[in-house]
Amino acid sequence: MDNVLEKLKQHQSDTPSKWREEAEFRRANKSWIRRSQKIAVKILSKMRESGISQTELAHKMGCSQQYVSKILKGQENLSLETISKIEDSLGLSLLII
């Protein structure tokens, strides 16, 4: 048994896991994360339909490709300004008021 514990200690990470904090964040922000994911799917569908890459969308929006990537992961809390830029860049309606 000591041998098994010793092997487990050898593979133990030096940095503590943040899974609990991440899970609590997802639970506390469930509503907007779900909406963000739906928006991301709609954007991805329009991009595929139009043949637009992340880089092209970023150029049209005036932001970095890395930011577009974050948006497309569906976990970015989007501002109205960003939503407007996406809509204008893709000719897409994301919010109906």
Side-chain angles (χ1 to χ4, degrees):
M1 185 66 161
D2 290 334
N3 192 21
V4 172
L5 291 175
E6 190 60 39
K7 285 185 180 184
L8 288 173
K9 285 181 183 179
Q10 289 174 355
H11 294 288
Q12 182 177 350
S13 175
D14 293 333
T15 58
S17 174
K18 295 185 180 182
W19 70 268
R20 182 180 299 269
E21 291 87 359
E22 291 169 3
E24 288 171 357
F25 174 82
R26 285 191 306 272
R27 182 180 295 139
N29 297 288
K30 185 178 180 179
S31 180
W32 73 258
I33 290 173
R34 182 170 288 136
R35 286 186 177 102
S36 182
Q37 290 169 340
K38 288 179 182 180
I39 288 171
V41 168
K42 196 167 184 179
I43 294 169
L44 281 166
S45 294
K46 184 65 174 183
M47 287 173 65
R48 284 190 188 114
E49 178 185 306
S50 303
I52 295 175
S53 69
Q54 289 185 24
T55 304
E56 291 170 305
L57 180 57
H59 180 72
K60 287 182 176 189
M61 290 176 58
C63 66
S64 69
Q65 182 274 328
Q66 290 83 359
Y67 184 62
V68 170
S69 178
K70 282 183 174 182
I71 292 169
L72 296 177
K73 288 179 182 176
Q75 297 195 346
E76 190 67 18
N77 192 356
L78 302 171
S79 69
L80 291 174
E81 179 183 9
T82 301
I83 291 170
S84 294
K85 286 180 181 181
I86 294 167
E87 289 178 331
D88 293 344
S89 298
L90 293 174
L92 178 66
S93 215
L94 296 171
L95 296 179
I96 300 170
I97 300 173

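Here, residue 1 is the first one in the sequence, and each next residue gets the next number.
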[X] vs [Y] side-chain heavy atoms within contact, under 4.5 Å:
X: Ser36; Y: Asn77; value: no
X: Glu49; Y: Lys46; value: yes
X: Glu87; Y: Leu95; value: yes
X: Ile43; Y: Val68; value: no
X: Asp88; Y: Lys60; value: no

[atom1] of [X] to [atom2] of [Y]: how many Å apart, nearest 0.5 Å?
X: Arg34; Y: Asn29; atom1: CZ; atom2: CG; value: 12.5 Å
X: Glu24; Y: Glu22; atom1: CD; atom2: CD; value: 10.5 Å
X: Gln66; Y: Gln54; atom1: CD; atom2: CD; value: 9.5 Å
X: Glu81; Y: Ile86; atom1: CD; atom2: CD1; value: 11.0 Å
X: Ser89; Y: Glu56; atom1: OG; atom2: CD; value: 11.5 Å
X: Met61; Y: Ser84; atom1: CE; atom2: OG; value: 10.0 Å

Nearest heavy-atom pair of [X] and [Y]: which atoms, and what distance?
X: Lys42; Y: Leu92; answer: CE-CD1, 4.0 Å
X: Tyr67; Y: Glu76; answer: CE1-OE2, 3.4 Å
X: Ser31; Y: Arg35; answer: OG-NH1, 2.7 Å
X: Gln75; Y: Gln37; answer: NE2-NE2, 4.3 Å

- request: Starting from the C-alpha separation in whole Å, work towards a yes-or-no answer on salt bridge (Lys or Arg N to Asp or Glu O under 4.0 Å) for Glu6 and Lys9.
  value: CA-CA 5 Å; Glu6 190 60 39; Lys9 285 181 183 179; 5.4 Å; no

message: Determine whether a donor-acceptor pair (N or O, by modelled atom type, separation under 3.5 Å) exists between the side chain of Ser50 and the backbone of Ile52.
response: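 Absent.
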
message: For the backbone of Val41 and the side chain of Ser45, can you confirm whether one donor and one acceptor N or O come within less than 3.5 Å of each other?
response: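 Looks like yes, one N/O pair under 3.5 Å.
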
query: Hey, quick one: are Leu80 and Leu57 part of the same hydrophobic cluster, counting side-chain heavy atoms closer than 4.5 Å, chains of contacts allowed?
result: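 They do share one cluster, since a chain of ILVMFWY contacts under 4.5 Å joins Leu80 to Leu57.
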
- request: Find out if a path of hydrophobic residues (ILVMFWY) with successive side-chain heavy-atom gaps under 4.5 Å connects Ile71 to Trp32.
  value: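 No, Ile71 and Trp32 fall in different hydrophobic clusters.
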
